[in-house]
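In each ligand, atom 1 is the first atom listed, and ligand 1 is the first ligand listed. Computed over heavy atoms, backbone and side chain alike; hydrogens, waters and symmetry mates excluded.
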Amino acid sequence: MTFEPVIGLEIHAHLLTASKIFCGCATAYGAEPNTQVCPVCLGMPGSLPVLNRAAVDDAIRASLALGCTVHETSIFARKNYFYPDLPKGYQISQYELPLATGGLFEDVRITRVHLEEDAGKSLHEGFLDSARKTYVDFNRTGVPLIEIVTEPDLRSGAAAADFFTRLREVLVWLGVNDGNMEEGSLRCDANVSIRPAGGQTLGTKAEVKNLNSFRFLQKALEHEIERQIELVSAGGRVVQETRLWDAAAGRTVSMRSKEEAHDYRYFPDPDLPAVVVDAARVAGIRAAMPELPDARRRRFAAQYALPDYDAQQLTQSRAAADYFEAAVAAGAPAKAASNWIMGELARKLKEQATDIAAAPLSADRLAGLLVLIDKGTISGSMAKNVFETMYASGRTAAAIVEAEGLAQIDDEAQIAALIGEVVSANADAVAQYRAGKASTFGFLVGQVMKAARGKANPKRVNELLQKALGSG
Ligand SMILES: [Zn+2]
């Protein structure tokens, strides 16, 4: 019997607000433990949560990008469980009435997008023995999150990793999440089951947690699918449980079974009113949404006649796409701008470990250089040196070309005069050329370039020399 895997994802994404979801504490990552806390996020008796409007806006933005319907009314609920990093004894989340539902993204149906607060973080030191210590850092407690839940529409580990990659791209593009999986601001859990190929019913699923990279997601799913197929083929059955990906061992291991699963006893949070988002607010956010990566990619290919590869590369980030369009707006030919951004500029940025958003060379300045090449004022090879000087000094290309006397000689009379000198000084070579020795032409071009100290426009020299020798 052949089996098909059935995979759904649950993705947690931190929202990039300056303060937490229900209090004014900062959300910056990496602060000294327990320095970004207050009575509200520590769950002190008598403290009351107040919803951060910016977090709701970010969540709406993400929901719209995923094609979801944003509901006018959603409700915060308490999800009760005991854990040392959860000081209130419950997490504020949304349960029965989430913010948004019913989306579609990359051919995967989005079940829901809801808002919630993050829990704190336990830091373990030492092994599981008497010497083991656990510390708790509450800085993360109350950082706003959205949870994105998909329908079980994915059919392989590679497809799941690809979907997660696309989703990350959009969240980062929208500026609602920083995409940093290592720091835990974007996390993914996967529900996996198998069923006979082509079947309709769902098998018993296992949940795989702690998948903090695209590669781990793919490998963990591939391993888990294999494990379930072997188990069922041998006459066993899959039990509903939570499993962890052990990256070092390259396999998933059981964490807790259904019997040990939490009973969260959800109920509406009595301290928080319903979240009401009227149609005007949603419309305003929708109108201000940036063009999304896929749309911008297609537009770049069409509007600027760029190859798909270029359009793909230039839309890796909003900053790169903006840079390209600013260069074109400043007069740079589109394909040249694309080549230089992907080539020289990318190399320089990589060398200095800088992002294009912080590039010391503005798009305007780069355009200035590309215009000079386009007009024939400088050659492509000279332009590379000018680029280096521009990048280091911040001066304009025109100023550098002027100060260093780099402008090409493109004037017909001036080049014709140089050719005249070369022709009379090399009578032998000219005679050979006229007698049919074509290779002599290159030598004569070289002599003209030498006389011009390398600055003559080579294309013009070729044209005029052919004319002078009577073959043009
Ligand atoms: Zn706080």
Side-chain angles (χ1 to χ4, degrees), residues 10-63 74-95 97-99 113-125 133-148 171 174-187 212 262 264-277 281:
E10 289 173 15
I11 289 149
H12 286 88
H14 274 176
L15 300 174
L16 288 177
T17 54
S19 56
K20 293 185 179 180
I21 186 168
F22 298 119
C23 63
C25 292
T27 54
Y29 180 86
E32 277 288 297
N34 300 311
T35 55
Q36 295 171 346
V37 291
C38 74
V40 174
C41 53
L42 290 176
M44 298 292 184
S47 64
L48 284 173
V50 176
L51 180 59
N52 180 344
R53 189 180 171 90
V56 181
D57 284 345
D58 275 353
I60 293 172
R61 225 164 261 135
S63 301
S74 60
I75 304 284
F76 278 111
R78 291 184 178 181
K79 178 180 180 180
N80 297 278
Y81 64 94
F82 179 75
Y83 203 73
D85 63 19
L86 192 72
K88 290 200 291 280
Y90 60 85
Q91 178 189 18
I92 303 177
S93 181
Q94 294 189 309
Y95 187 55
L97 292 171
L99 178 76
V113 176
H114 69 247
L115 273 160
E116 63 184 28
E117 59 177 352
D118 206 350
K121 211 156 131 185
S122 301
L123 305 154
H124 306 290
E125 190 181 274
K133 287 180 179 158
T134 295
Y135 302 87
V136 194
D137 178 5
F138 293 117
N139 284 350
R140 205 176 70 178
T141 307
V143 169
L145 282 175
I146 43 172
E147 180 172 343
I148 301 163
L171 296 177
L174 289 171
V176 303
N177 179 266
D178 65 13
N180 197 327
M181 292 187 268
E182 265 168 42
E183 291 176 1
S185 50
L186 185 64
R187 317 193 283 263
N212 63 354
H262 298 298
Y264 293 121
R265 294 173 292 117
Y266 281 97
F267 63 88
D269 192 309
D271 288 342
L272 284 159
V275 184
V276 176
V277 179
R281 183 168 169 195

Participant: How are the rings of Tyr266 and Tyr95 set to each other: parallel, tilted or perpendicular (split at 30° and 60°)?
Facilitator: parallel

Participant: Mind checking salt bridge (charged side-chain N to carboxylate O under 4.0 Å, His left out) for Asp269 and listing every partner two or more places apart, or none if nothing turns up?
Facilitator: Arg78

Participant: Quick one: side chain to side chain contact (heavy atoms under 4.5 Å, CB included) partners of Ala18, sequence neighbours excluded?
Facilitator: none

Participant: May I ask you to test the Arg187-Asn212 pair for a side-chain heavy-atom distance under 4.5 Å?
Facilitator: no

Participant: Looking only at non-hydrogen atoms, find the nearest pair between Ala62 and Val176 and report the distance.
Facilitator: CB-CG2, 4.4 Å

Participant: Distances under 2.8 Å only: what protein N/O/S atoms are near the Zn ion (ligand 1), ordered by chain and residue?
Facilitator: Cys23 SG, Cys25 SG, Cys38 SG, Cys41 SG

Participant: Show every side-chain hydrogen bond (donor to acceptor under 3.5 Å, both in side chains) that has at least one partner inside residues 20-36, sequence neighbours left out.
Facilitator: none

